[in-house]
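We count residues from 1, following the sequence as given. We count ligands from 1, going down the list as the structure has it; atoms in each ligand are counted the same way.
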Amino acid sequence: MEVIIRDTREKAVSLTASLIARALVKKPNLVLGLATGRTMESVYQLLVAMYEDDGLDFSLARTFNLDEYVGLPPEDPNSYRFYMNRHLFHRVNIDLRNTHLPDGMAEDIEAECRNYEEKIVDCNGIDLQLLGIGRTGHIGFNEPLSAMRSRTRPKALSPETVAQNAPLFTGETPMPRRAITMGVGTILECRRCILLATGKEKAEVIAKAVEGPVTAMISATALQLHPNCTVIVDAEAGSLLQNQDYYRWIFENEPDWQQYH
Ligand code: F6R
């Protein structure tokens, strides 16, 4: 795991977007794993700007989102499909047929989960998975006690996650209590992970995820087992990390990061 602390939220977001853009330029048919939520909105804003201003090309990209609420159709403004269309897919030149989210309306949820895993395999796996982190330490919707080897499946949302996300719900739709999420095992199989966290409300969980013991109670700790995972935080989200000086020293001295100083 490498940890990068940027002074501001803007710099943390911009580094994340640059790493995605660089991967896409290097491999135009990149298989990109995507996340939703407040943190990612500004990442998508920057990617859209790169498409508009610099011609960043999404035409061959393939995407797999981490999760979707059970019971919400794509046209519901609270669904993650709607979020992705609004923040990214409808604003860049991606082929919508190459964008994948679990179908929260599937009659047979178990079959849908198996099918989602198969689609990822058909694309030869995920090259780069973008991740946020919830207050429970979830990645995707892998709530506490998610098995390290779990696969895409329906998962009950914790009361804390319901409290975190309910304020985002608009209109009449009550927030579903279940979601389909890629499993921790599914996430660990992607070739590269980038986790982005900003703001002081993430400081405690980031400290546990990065420096705490690996535990199924905090799914993000599983990323310590991933051979190519970068955690990008702003100063606030990184404020409770014990080894900040070490992480900053590596960022300053590692040749790969020179271009981002
Ligand atoms: C959503 C997802 C979640 C969020 C996490 C953080 O697709 O995978 O794990 O990344 O809940 O959400 P925000 O950014 O709203 O704090």
Engineer: Please name the residue in the list Leu128, Ile232, Leu24, Ile4 that meets the side-chain contact (heavy atoms from CB on, under 4.5 Å) test with Leu19.
Structural biologist: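 Among the candidates, only Ile232 passes.
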
Engineer: For atom 6 (C) of ligand 1, what's the nearest protein heavy atom and its distance?
Structural biologist: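 Checked against all protein heavy atoms, atom 6 (C) of ligand 1 sits closest to Ile133 O, 3.3 Å.
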
Engineer: How far is atom 10 (O) of ligand 1 from the closest protein heavy atom, and which atom is that?
Structural biologist: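 That would be Gly132 CA, 3.3 Å.
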
Engineer: For atom 4 (C) of ligand 1, which of Thr36, Leu131, Leu195, Thr161 has the closest heavy atom?
Structural biologist: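 Nearest heavy atom to atom 4 (C) of ligand 1 lies in Thr36.
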
Engineer: Which of the atoms of ligand 1 are close to Leu66, meaning less than 4.0 Å from one of its heavy atoms?
Structural biologist: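 In order of number, 8 (O).
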
Engineer: Under the side chain to side chain donor-acceptor pair (under 3.5 Å) definition, can you give me all pairs with a residue in residues 235-250, not counting sequence neighbours?
Structural biologist: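 Applying side chain to side chain donor-acceptor pair (under 3.5 Å) to every pair that reaches into residues 235-250, excluding sequence neighbours, yields Glu211-Asn243, Glu211-Tyr247.
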
Engineer: Heavy atoms only, cut-off 4.0 Å: how does Lys202 contact ligand 1, side chain, backbone, both, or neither?
Structural biologist: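 Just the side chain.
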
Engineer: Salt-bridge test for Arg6 and Asp234: reply yes if a basic N is under 4.0 Å from a carboxylate O, no otherwise.
Structural biologist: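 Looking at Arg6 and Asp234, the cut-off is not met.
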
Engineer: Heavy atoms only: give me the nearest Val48-His87 pair and the separation to one decimal.
Structural biologist: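 Closest approach of Val48 to His87: CG2-O, 3.6 Å.
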
Engineer: Give yes or no for whether the N/O distance cutoff of 3.5 Å, strictly under, is met between Arg38 and ligand 1.
Structural biologist: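 Among all N and O atoms of Arg38, at least one is under 3.5 Å from an N or O of ligand 1.
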
Engineer: Just which atoms of ligand 1 are under 4.0 Å from any heavy atom in Thr39?
Structural biologist: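 With Thr39 as reference, the close atoms of ligand 1 come out as 13 (P), 14 (O), 16 (O).
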
Engineer: Considering only the protein, which heavy-atom contact is closest to atom 11 (O) of ligand 1, and what is its distance?
Structural biologist: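 In this structure, atom 11 (O) of ligand 1 has His138 NE2, 2.7 Å as its nearest protein heavy atom.
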
Engineer: Using heavy-atom distances, let me know which of Asn142, Thr198, Asp67, Leu157 sits nearest atom 7 (O) of ligand 1.
Structural biologist: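 Checking each option, the heavy atom nearest atom 7 (O) of ligand 1 is found in Asp67.
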
Engineer: With the threshold set at under 4.0 angstrom, would you say Gln164 reaches ligand 1 through any of its heavy atoms?
Structural biologist: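 Distance cut 4.0 Å: Gln164 passes for ligand 1.
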
Engineer: Tell me whether Arg149 is salt-bridged to Glu189, with the criterion being a basic N under 4.0 Å from an acidic carboxylate O.
Structural biologist: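 No, Arg149 and Glu189 are not salt-bridged.
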
Engineer: I'd like to know whether NZ of Lys119 has more than 12 heavy-atom contacts from other residues, nucleotides or ligands below 6.0 angstrom.
Structural biologist: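 Yes.
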
Engineer: Using the six-membered ring wherever Trp is involved, compare the ring planes of Tyr260 and Trp257 and label them parallel, tilted or perpendicular (cut-offs 30° and 60°).
Structural biologist: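 Geometry flag for Trp257 against Tyr260: tilted rings.
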
Engineer: Which ligand 1 atoms are under 4.0 Å away from a heavy-atom of Gly140?
Structural biologist: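 Contacts of ligand 1 toward Gly140, numbered from 1: 2 (C), 3 (C), 8 (O), 9 (O).
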
Engineer: Could you report the tightest heavy-atom contact between Ile133 and Ala209, atom names first, then the distance?
Structural biologist: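 Minimum heavy-atom separation between Ile133 and Ala209: CD1-CB, 4.0 Å.
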
